[in-house]
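This report concerns only the one structure given below.
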Amino acid sequence: MLRIVVLGSAAGGGFPQWNCNCVNCRRARSGDNAVEARTQSSVAVTADGDHWFLLNASPDIRQQIEATPRLQPKAEPRHSPIAGVVLTNGDVDHVAGLLSLRERQPMTVHATGRVLGALAGNPVFGVLAAEIVQRKRLPLDREVGLHLPDGTAAGIAVTAFAVPGKVALWLEQPGLDNFGSVDEDSVGLRVRDAAGRATFFYIPGCAAMPDSLARRLLGASLVMFDGTTWTDDEMQRSGTGVKTGSRMGHMCMSGPGGSIAAFEPLGVRRRVFVHINNTNPVLRADSAERTEAEAAGWEIGRDGMEIEL
Ligand code: MLT
Ligand code: MN
Ligand code: ZN
């Protein structure tokens, strides 16, 4: 059994974003029932119901824990059901929450060598005291078992694999091809219940669907996938930004090159969009785009959404 809770279904910035007054953010702020606020990108997973792993640690982690009783302390004086964090990249929306997980709580942070290197190169992450917070390198394409801080197996196995994407925004090297990105900068995760048959994929950032990725996802029971934009140029058209989705390492949902079309032949039983940018029209329950995505078999991730596999 795997139990998954979507802690945050929005992309970097959250929804509404602090400095955004686009139609989506405005409606979310006004308390409009059709436009629900969302926190930044993270999900939690457990195999035993008691010990949880965060897939990414968002800047909203404190709010997410307060909204999720199962992640709150169960014993005095200090305790946390959170046994570790698995990172899919080094972007601010996925790593800044680590800074809120200081306070001397034993846990393990799993990330690729590249992302661990970025954390090591940034002394502020030293607030996670090295003698109690282990950092473990996630290899590509090799399954690893997750463990509790006392060393017992957590019953969850994770395989990280490279996906088309980009190095973290704050590590971009302007002169280089794809800003100097390498395979380890952006990964997807296959998460498996070590004792049973439950498996799902968590891919909050992905710039394209090459054949190798399509083959990997074929027939999956659940994929949580990059839902950043509906159209590649929606930030430009809404006047909220100058970058396209693809410039940021994200494939859009709609159109012939979009994720909805790319998943069409894959036979994935449950498809859930996560990492949804505040400009994406699917965030409005009354939009034509929401209707179109749902008609194509997609669920629009919401904070607090729970899935049991
Ligand atoms: C992204 O997903 O492209 C990043 O989170 C952008 C950012 O760091 O603001
Ligand atoms: Mn992001
Ligand atoms: Zn907005």
Side-chain angles (χ1 to χ4, degrees), residues 6-30 32 34-43 54-61 64 85-99 111 114-115 118-119 122 163-173 178-181 185-189 202-208 224-253 259 273-284 287 289 301 303:
V6 176
L7 300 180
S9 50
F15 180 54
Q17 176 175 307
W18 74 280
N19 65 343
C20 193
N21 205 18
C22 74
V23 57
N24 284 359
C25 287
R26 201 162 54 239
R27 284 185 62 183
R29 261 188 210 107
S30 75
D32 186 328
V35 190
E36 197 178 326
R38 286 165 167 81
T39 61
Q40 293 171 80
S41 181
S42 176
V43 311
L54 306 182
L55 310 184
N56 292 317
S58 104
D60 300 322
I61 183 64
Q64 292 167 344
V85 182
V86 186
L87 302 173
T88 62
N89 64 20
D91 268 326
V92 169
D93 54 347
H94 289 160
V95 303
L98 293 175
L99 302 178
R114 271 281 276 200
V115 172
L119 299 181
N122 199 326
V163 293
K166 195 181 70 51
V167 66
L169 189 58
W170 56 281
L171 293 169
E172 285 185 0
Q173 295 180 269
N178 198 19
F179 311 100
S181 307
D185 280 320
S186 195
V187 299
L189 302 174
Y202 174 63
I203 311 174
C206 185
M224 306 180 105
F225 196 76
D226 184 342
T228 308
T229 64
W230 177 256
T231 48
D232 197 43
D233 63 351
E234 78 191 26
M235 286 180 54
Q236 296 169 329
R237 282 194 290 121
S238 60
T240 55
V242 295
K243 288 182 185 167
T244 59
S246 51
R247 162 66 182 82
M248 298 187 294
H250 302 290
M251 70 194 288
C252 60
M253 294 180 178
S259 49
F273 280 124
V274 292
H275 194 280
I276 307 166
N277 195 57
N278 68 80
T279 51
N280 192 321
V282 302
L283 289 171
R284 303 192 301 271
S287 69
E289 293 85 351
D303 292 14

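FYI, the numbering just counts along the sequence from 1. Each ligand, and each atom within it, is numbered from 1 in the order the structure gives.
- At a cut-off of 2.8 Å, H275 is counted among the residues with an N, O or S atom near the Mn ion (ligand 2).
- Among heteroatoms of the N, O or S kind in D93, OD2 lies nearest the Mn ion (ligand 2).
- In this model, a donor atom of one side chain and an acceptor atom of the other lie less than 3.5 Å apart for D232 and S246.
- Residue D91: no N/O/S atom is found under 2.8 Å from the Mn ion (ligand 2).
- Summarising the geometry of R284 relative to N24, their closest heavy-atom pair is NH1-OD1, 2.7 Å, with the distance given to 0.1 Å.
- Put simply, the side chain of N89 never gets that close to the backbone of V95: no donor and acceptor are under 3.5 Å apart.
- A donor atom on one side chain and an acceptor atom on the other are found under 3.5 Å apart for T279 and N277.
- Near-neighbour remark for the Zn ion (ligand 3): protein N, O or S atoms under 2.8 Å are C20 SG, C22 SG, C25 SG, N278 OD1; waters not counted.
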Contact table, ligand 1 N/O with protein N/O, distance under 3.5 Å:
from     : atom 1 : to   : atom 2 : distance (Å)
ligand 1 : 2 (O)  : H250 : NE2    : 2.8
ligand 1 : 2 (O)  : H275 : NE2    : 3.1
ligand 1 : 3 (O)  : H250 : NE2    : 2.9
ligand 1 : 5 (O)  : D93  : OD1    : 2.9
ligand 1 : 5 (O)  : D93  : OD2    : 3.1

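- Between the side chains of D60 and Q40, at least one donor N or O sits under 3.5 Å from an acceptor N or O.
- Between S41 and N56 the shortest heavy-atom distance is O-CB, 3.7 Å.
- At least one donor-acceptor pair closer than 3.5 Å links the side chain of S287 to the backbone N or O of P281.
- Under 4.0 Å is where a charged nitrogen must lie from a carboxylate oxygen, and between R38 and D303 no such pair does.
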